[in-house]
*Asks:* 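Sharing a structure here in structure tokens format.
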Amino acid sequence: MNVIQAFDYEQMSRLAAAYIIKQVRLNPSIVLGLATGGTPEGTYRQLIRDHKEFGTSYQKVKSINLDEYVGLSPHHPNSFRQFMNEHLFNHLDIQKEQTQLPDGKASDFIQECKRYDILIERSGGIDLQLLGIGENGHIGFNEPGTSFQTKTHIVNLTESTRKANARFFENLSSVPEQALTMGIQSILQSKRILLLASGNHKAEAIMKLINGKVDEGFPASTLNLHNDVTLIADQAALSLVDRGKGAEHGR
Ligand code: F6R
């Protein structure tokens with residue numbers, strides 16, 4: 001794993017955006033795997049800024065998001081679809097019909113998971129997957145204990161994940177209890193992975209990821225099995241990692 005240390009959230013976001021922009025420019029038809037949440041918001045702001053100032057185009061880009069809450073329609077203000085529209089898609093020249101998220105209101109979730117897997121396959125696979133990490137080590141919404149063999153599936157969100165995401169909702173009880181998520185196997189099949197982490201609350205997870213063993217009890221540890229993972233994390237998120245592990249400093 002290539003580890004790059006950023007000073008703070010802003011620098012992490014700038015470095016992450018630079019990484020993504022480079023890949024989009026190298027391959028204008030790139031398939032991006034995208035994430036929601038607080039971690040990538042700054043990166044998305046930087047992508048938008050770059051698009052407006054320097055014209056990086058997303059006209060041919062396809063995107064496939066990691067997950068969506070069960071029970072929220074794409075129009076629901078707290079759906080991940082709305083998050084992506086507001087924080088990224090509405091501000092780029094990407095074609096909306098080329099942007100995909102699972103349907104949280106599907107009438108048959110088993111079929112919906114199959115549809116999503118086929119969609120990933122037909123896209124030719126994800127070229128670059130952007131990830132955040134949960135405090136409990138989840139990636140996508142693959143909670144601890146999820147088999148590394150999973151494809152898209154429905155999950156029961158843990159109490160800790162619901163609490164962490166309650167800040168986006170009116171209160172804890174409005175946070176959905178289930179989600180549809182891309183599986184760990186699909187994430188691992190991405191050609192490149194860019195993992196971001198910021199803040200002290202992520203330090204323990206990052207320490208476990210870098211120092212720890214590969215274990216289904218800690219989903220992110222599966223990333224140690226992939227040969228092209230870049231972690232960009234700020235000092236706070238790296239604060240528990242041994243200095244000897246040698247993170248490169250971002251510029
Ligand atoms: C979001 C996702 C989650 C988040 C994780 C961290 O699509 O799949 O795994 O990346 O919960 O969330 P934040 O960035 O809000 O700390």
Side-chain angles (χ1 to χ4, degrees), residues 1-67 80-101 120 123-133 139-140 182 186-199 202 206 220 223 226-238 247-251:
M1 185 175 311
N2 177 26
V3 183
I4 298 174
Q5 179 173 317
F7 176 65
D8 59 7
Y9 180 83
E10 277 315 306
Q11 197 194 17
M12 176 198 77
S13 304
R14 281 199 300 276
L15 291 168
Y19 182 104
I20 297 168
I21 290 162
K22 184 174 169 199
Q23 297 304 320
V24 171
R25 288 190 171 247
L26 281 169
N27 175 10
S29 313
I30 194 167
V31 180
L32 293 176
L34 297 176
T36 54
T39 310
E41 273 184 47
T43 304
Y44 294 157
R45 277 197 294 276
Q46 295 294 333
L47 294 181
I48 294 165
R49 193 183 59 83
D50 163 80
H51 168 69
K52 298 213 154 115
E53 278 181 31
F54 302 108
T56 304
S57 175
Y58 295 77
Q59 255 172 15
K60 294 190 194 151
V61 170
K62 288 191 186 128
S63 74
I64 304 180
N65 261 74
L66 283 166
D67 37 26
F80 285 159
R81 161 54 77 183
Q82 281 307 310
F83 178 99
M84 290 308 299
N85 285 351
E86 279 166 30
H87 290 91
L88 191 65
F89 301 149
N90 287 350
H91 312 281
L92 300 177
D93 59 348
I94 196 164
Q95 298 181 50
K96 278 273 173 62
E97 56 283 6
Q98 302 280 31
T99 65
Q100 307 287 345
L101 286 94
I120 296 169
S123 74
I126 293 167
D127 293 306
L128 168 58
Q129 177 64 57
L130 178 63
L131 293 177
I133 184 169
I139 49 174
M182 208 186 269
S186 319
I187 293 174
L188 271 199
Q189 278 168 354
S190 313
K191 291 170 197 122
R192 289 166 190 265
I193 296 179
L194 176 60
L195 171 66
L196 305 182
S198 168
K202 299 291 173 76
I206 292 301
L223 299 176
H226 194 282
N227 63 8
D228 195 340
V229 177
T230 299
L231 164 66
I232 306 180
D234 64 11
Q235 280 177 2
L238 284 168
E248 183 188 315
H249 286 260
R251 269 161 289 159

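Only a predicted model underlies this, so the values are computations on that prediction, with no experimental measurement involved.
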*Asks:* Donor-acceptor pair, Y9 side chain versus D234 backbone, under 3.5 Å?
*Replies:*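 Checking the backbone N and O of D234 against the side chain of Y9, no donor-acceptor pair under 3.5 Å is found.
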*Asks:* With rounding to the nearest 0.5 angstrom, report the CD to OG distance, Q98 to S123.
*Replies:*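 Q98 CD to S123 OG: 10.5 Å, rounded to 0.5 Å.
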*Asks:* Looking at side-chain heavy atoms only, is the closest gap between L194 and L131 below 4.5 Å?
*Replies:*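 No - every pair of side-chain heavy atoms lies 4.5 Å or more apart.
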*Asks:* Mind checking whether H87 and I48 have side chains closer than 4.5 Å, heavy atoms only?
*Replies:*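 A side-chain contact is absent here, since even the closest heavy-atom pair is not under 4.5 Å.
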*Asks:* To the closest 0.5 Å, what do you measure between CD1 (I187) and CG (L223)?
*Replies:*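 Answer for the CD1-CG pair, I187 versus L223, is 7.5 Å.
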*Asks:* Return yes if a side-chain donor-acceptor contact under 3.5 Å exists between R14 and T43, otherwise no.
*Replies:*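 No, no side-chain donor-acceptor pair sits under 3.5 Å.
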*Asks:* Can you tell me if S57 uses its side chain to pair, donor with acceptor, with the backbone of Q59 under 3.5 Å?
*Replies:*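 Here the side-chain-to-backbone pair exists.
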*Asks:* About how many Å separate CG of D228 and OG of S190, when rounded to the nearest 0.5 Å?
*Replies:*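 S190 atom OG to D228 atom CG measures 10.5 Å (nearest 0.5 Å).
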*Asks:* Working note: I232 + T230, criterion side-chain contact (heavy atoms from CB on, under 4.5 Å); need CA distance, chi angles, decisive distance, verdict.
*Replies:* CA-CA 6 Å; I232 306 180; T230 299; 4.1 Å; yes
*Asks:* So do the side chains of I20 and L128 get within less than 4.5 Å of each other, counting heavy atoms only?
*Replies:*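 Side-chain contact under 4.5 Å: yes.
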*Asks:* Check whether any side-chain N or O of H51 sits under 3.5 Å from a backbone N or O of L47 as a donor-acceptor pair, and report yes or no.
*Replies:*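 Checking the backbone N and O of L47 against the side chain of H51, no donor-acceptor pair under 3.5 Å is found.
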*Asks:* Within the side chain of Q11, is there an N or O that forms a donor-acceptor pair under 3.5 Å with the backbone of F7?
*Replies:*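 It does hold such a pair.
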*Asks:* Nearest 0.5 angstrom please: K60 NZ to D93 CG, how far?
*Replies:*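 The NZ atom of K60 sits 11.0 Å away from the CG atom of D93.
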*Asks:* Roughly how far apart are I64 CD1 and S186 OG, rounded to 0.5 Å?
*Replies:*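 Between atom CD1 of I64 and atom OG of S186 there are 9.5 Å.
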*Asks:* To the nearest 0.5 Å, what is the distance between OG on S63 and CD on Q95?
*Replies:*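 Rounded to the nearest 0.5 Å, the OG-CD separation comes to 11.5 Å.
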*Asks:* Would E86 and Y44 count as a side-chain contact (heavy atoms from CB on, under 4.5 Å) if you check the C-alpha gap in whole Å, the side-chain angles of each, and the deciding distance to 0.1 Å?
*Replies:* CA-CA 10 Å; E86 279 166 30; Y44 294 157; over 6 Å; no
*Asks:* Check for a donor-acceptor pair, side chain of K62 on one end and backbone N or O of S29 on the other, with a separation under 3.5 Å.
*Replies:*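 No, K62 side chain to S29 backbone: no donor-acceptor pair under 3.5 Å.
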*Asks:* Report the C-alpha separation of L195 and Q129 in whole Å, then their side-chain angles, then the decisive distance to 0.1 Å, and conclude whether the side-chain contact (heavy atoms from CB on, under 4.5 Å) test is met.
*Replies:* CA-CA 8 Å; L195 171 66; Q129 177 64 57; over 6 Å; no
*Asks:* Look only at the side chain of D127 and the backbone of I30, and say whether a donor-acceptor pair between them is shorter than 3.5 Å.
*Replies:*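 Answer holds: no.
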*Asks:* So do Q189 and I120 actually touch side chain to side chain, heavy atoms under 4.5 Å?
*Replies:*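 No; the side chains remain at least 4.5 Å from each other.
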*Asks:* When you compare the side chain of M84 with that of T36, does any pair of heavy atoms fall below 4.5 Å?
*Replies:*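 A side-chain contact under 4.5 Å exists here.
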*Asks:* State, yes or no, whether a side-chain contact exists between T56 and R25 at a heavy-atom distance under 4.5 Å.
*Replies:*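 Yes, close enough: below the 4.5 Å cut-off.
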*Asks:* Determine whether L130 and L66 make a side-chain contact, defined as any pair of heavy atoms from C-beta on separated by less than 4.5 Å.
*Replies:*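 When only atoms from C-beta onward are counted, L66 and L130 do not touch, as no gap falls below 4.5 Å.
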*Asks:* Check the pair R81 / N65 against side-chain contact (heavy atoms from CB on, under 4.5 Å), numbers first and verdict last.
*Replies:* CA-CA 9 Å; R81 161 54 77 183; N65 261 74; over 6 Å; no
*Asks:* Is it the case that the side chains of R45 and S13 hold a donor-acceptor pair, with the cut-off being a distance below 3.5 Å and no angle test?
*Replies:*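 Looking only at side-chain atoms, R45 and S13 do not form any donor-acceptor pair under 3.5 Å.
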*Asks:* Can you check whether K52 reaches H91 side chain to side chain, under 4.5 Å on heavy atoms?
*Replies:*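 With C-beta onward as the side chain, the pair touches.
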